[in-house]
Amino acid sequence: MKTRFAPSPTGYLHVGGARTALFSYLEAKKRGGQFILRVEDTDLVRSTPEAVQAILDGMAWLGLQADEGPYFQTQRFARYLEVAEQMIAAGSAYRCYCSKLELETMRAQQEANGEKPRYNGLWRDRSDPAPIGEIGVIRFKNPLTGTVHVHDRVRGEVIFQNEELDDLVIWRSDNAPTYNFAVVVDDHDMGVTDVIRGDDHLNNTPRQINMYQALGWAVPSFAHLPMILGPDGAKLSKRHGAVSVLQYRDDGFLPHALLNYLARLGWSHGDQEIFSKHELTTLFSADDVNHSASRFDLEKLKWLNQHYIKTLPAAELAPELTWHLQQRSLTHASKHADDIITALRERAVTLLEMAEKAAVWFTPLAGYDETQYAKQVNATSCAALSALRAKLAALPNWRPDAILTAIEQTLAELSLGMGKLGPIVRLAITGSTTSPALEHTIYLCGSTEALDRIDALLARGAA
RNA sequence: GACCCUAUCGUCUAGAGGCCUAGGACAUUUCCCUUUCACGGAAGUAACCGGGGUUCGAAUCCCCGUAGGGUCACCA
């Protein structure tokens, strides 16, 4: 049993492609099969090495490791031509020498007559020699009559009339195969048993099945996934913001959060929302995929991301957070990743947010929130702060629990509530009155820096 | 235009003829917890596209509309 993900490298890996890859991957893992990656780069003009790299990077970040590949179609042209020529010899394909102009007139005329535009089979049964100097193309001799039954694992049985189909080009005049042909040859040669791909290929499937049959090859099983739409119900595009999976990485999402979110888009397992990777690989089945397109909802993705930030072991989060800290040139904060996670995991929806919030401890204080300063700094609070400072300075161990004890003792000695001390400490350390639990806020600053910041506020308060 | 696909709360979905006064999750509203910001807890608002059948009974099956989407290339 084998599945594949076969993107064409004309852009980055977007969420729709990522979900197709995920479902193919899961189906293979679930059934103990192989998952292969094939780059469909037969369009020499639109394919770029940058896009190949972007797709590979996206797959790697998501952790969708292929068992084979990546294969490149551009390296298999000899094989495609070999098969095309075999088909000519067997009478299931033929050369066509129609010019672009002829084709265009044909189409224009059909459209004028209100017919479906398609190749009329002009060269299908001609045996006269090729026009001099013409290279021509090779076309597949599609059956004229009868029906093609597609047994789709998500759509059920879909029936197409051969009359609706025409003789498609399988080998172009610029010596390259076309998509519909290369796919058939590759899926056969590579032993792909289960084709899982986007909805937009459903209409190509009967043509491909006809080619499998002409070649005497076994037809694989098909599953056509519904599309992922933008939040407004329109097709996903750059206008909707982050469509590249790597953009989600940059925005602070965990790969597993995206995976979990994507899995639930078009697929479900009862009321379950949270799935570990192991659960996905055991529970997923292409048979359970929905029929209708779904919209991408960033809010739910955020919820999942926050869920994983809250619950994943710090050891798993630390490398991801470190990456973000480094992106923000907070390299020296990396060794405190675990402490940052402890302080902020319930206060950040994304890792990017976490890294941004962590910056207050590792960059010079920018200044105070003056409105809060005016409200919170007074004789009482300054006295409390300086009492706390004395205790902090005397601390043998700079640990959160010890700091918390110091805070509690200070409050007890002065008979004050936390409300009298909290705001001014936050102001001193972070410049604002919003921050994580006090002991972590102070602790993460480091003893020297924390005391300096307290002194700075006290000095200004006294003046 | 032709062919193909789809249709349950704002969104993701459960639902495979009676278990449905339609369940869960996100979002939203209110309340509780609380030193800030959060986390957490409780409650609430909110949906079967329309019309015909079939059946004792339909969100579920059939037909017709309607609305979305996809495909009709020497792109993939």
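Letters A, B, ... mirror the listed sequences (proteins, then strands); counts begin at 1. The basis for the numbers below is simple: all heavy atoms, side chains too, and nothing from hydrogens, waters or symmetry mates. These numbers were taken from a predicted model, which means no experiment stands behind them.
Rounded to whole Å, the separation between the P atoms of B:rG65 and B:rC4 comes to 14 Å.
Tested against A:H224, the residues A:D200, A:T205, A:N204, A:T20 include a single side-chain hydrogen bond (donor to acceptor under 3.5 Å, both in side chains) partner, A:T205.
Within 3.5 Å, a donor on the side chain of A:R347 pairs with an acceptor on the base of B:rC37, or the reverse. In the interface, the side chain of A:R46 is paired with the base of B:rC75 through a donor and an acceptor atom under 3.5 Å apart. Side-chain to base pairing of A:S173 with B:rC74: one donor and one acceptor N or O lie within less than 3.5 Å of each other.
A salt bridge links A:R76 with A:D189: at least one charged nitrogen is closer than 4.0 Å to a carboxylate oxygen. Salt-bridge check for A:D166 with A:R207: passed, with a basic side-chain N closer than 4.0 Å to an acidic carboxylate O.
Residue A:H201 is classed as a base contact, given a heavy-atom separation below 4.0 Å to a base. Within the nucleic acid shown, A:T434 comes within 4.0 Å of at least one base atom, counting heavy atoms only. In this structure, A:R197 reaches neither bases nor backbone, as no heavy-atom distance under 4.0 Å exists between it and the strands shown. A:K302 comes within 4.0 angstrom of no nucleic acid atom, judged by non-hydrogen atoms across all strands. Nucleic acid contact for A:S268: sugar-phosphate only, since backbone atoms but no base atoms lie under 4.0 Å from a heavy atom of the residue. Residue A:V137 is in base contact, counting any heavy-atom pair closer than 4.0 Å across all strands shown. As judged by a 4.0 angstrom heavy-atom cut-off over every strand, A:T433 is placed among the base-contacting residues.
Using a 4.0 Å cut-off, some side-chain N or O of A:N290 falls inside it from OP1 or OP2 of B:rA14. Residue A:R139 places at least one side-chain N or O under 4.0 Å from the OP1 or OP2 atom of B:rC74. Close to B:rA76, at under 4.0 Å from its OP1 or OP2, lies a side-chain N or O of A:R172. Look at A:S432 and you won't find any side-chain N or O under 4.0 angstrom from OP1 or OP2 of B:rU36.
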**OP:** Any chance you could list the contact pattern along nucleotides 25-35 of chain B? Use B for base contacts, S for sugar-phosphate-only contacts and - for none, protein heavy atoms under 4.0 Å, 5' to 3'.
**Re:** BS--------B
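Pairing of B:rC72, defined by two Watson-Crick or G-U wobble distances under 3.5 Å, is identified with B:rG1.
Non-hydrogen atoms lying under 4.0 Å from RNA chain B are contributed by A:E40, A:T42, A:D43, all within residues 35-44 of chain A.
Between A:F296 and A:Y261, some side-chain heavy-atom pair lies under the 4.5 Å cut-off. A:K310 places none of its side-chain heavy atoms less than 4.5 Å from the side chain of A:R347. Looking only at side-chain heavy atoms (C-beta outward), A:F5 and A:R38 stay at 4.5 Å or farther from each other. Counting heavy atoms from C-beta on, the side chains of A:S221 and A:R153 come closer than 4.5 Å.
No more than 12 heavy atoms of other residues, nucleotides or ligands lie within 6.0 Å of NZ in A:K375, so this atom counts as exposed by the packing criterion.
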Taking only distance into account, with no hydrogens and no angle test, what donor-acceptor pairs under 3.5 Å do side-chain atoms of residues 139-148 of chain A form with protein atoms, sequence neighbours excluded?
residue, atom, partner, partner atom, Å
A:R139, NH1, A:D167, O, 2.7
A:N142, OD1, A:N210, ND2, 2.9
A:N142, ND2, A:N162, OD1, 3.4
A:T147, OG1, A:H149, NE2, 3.2

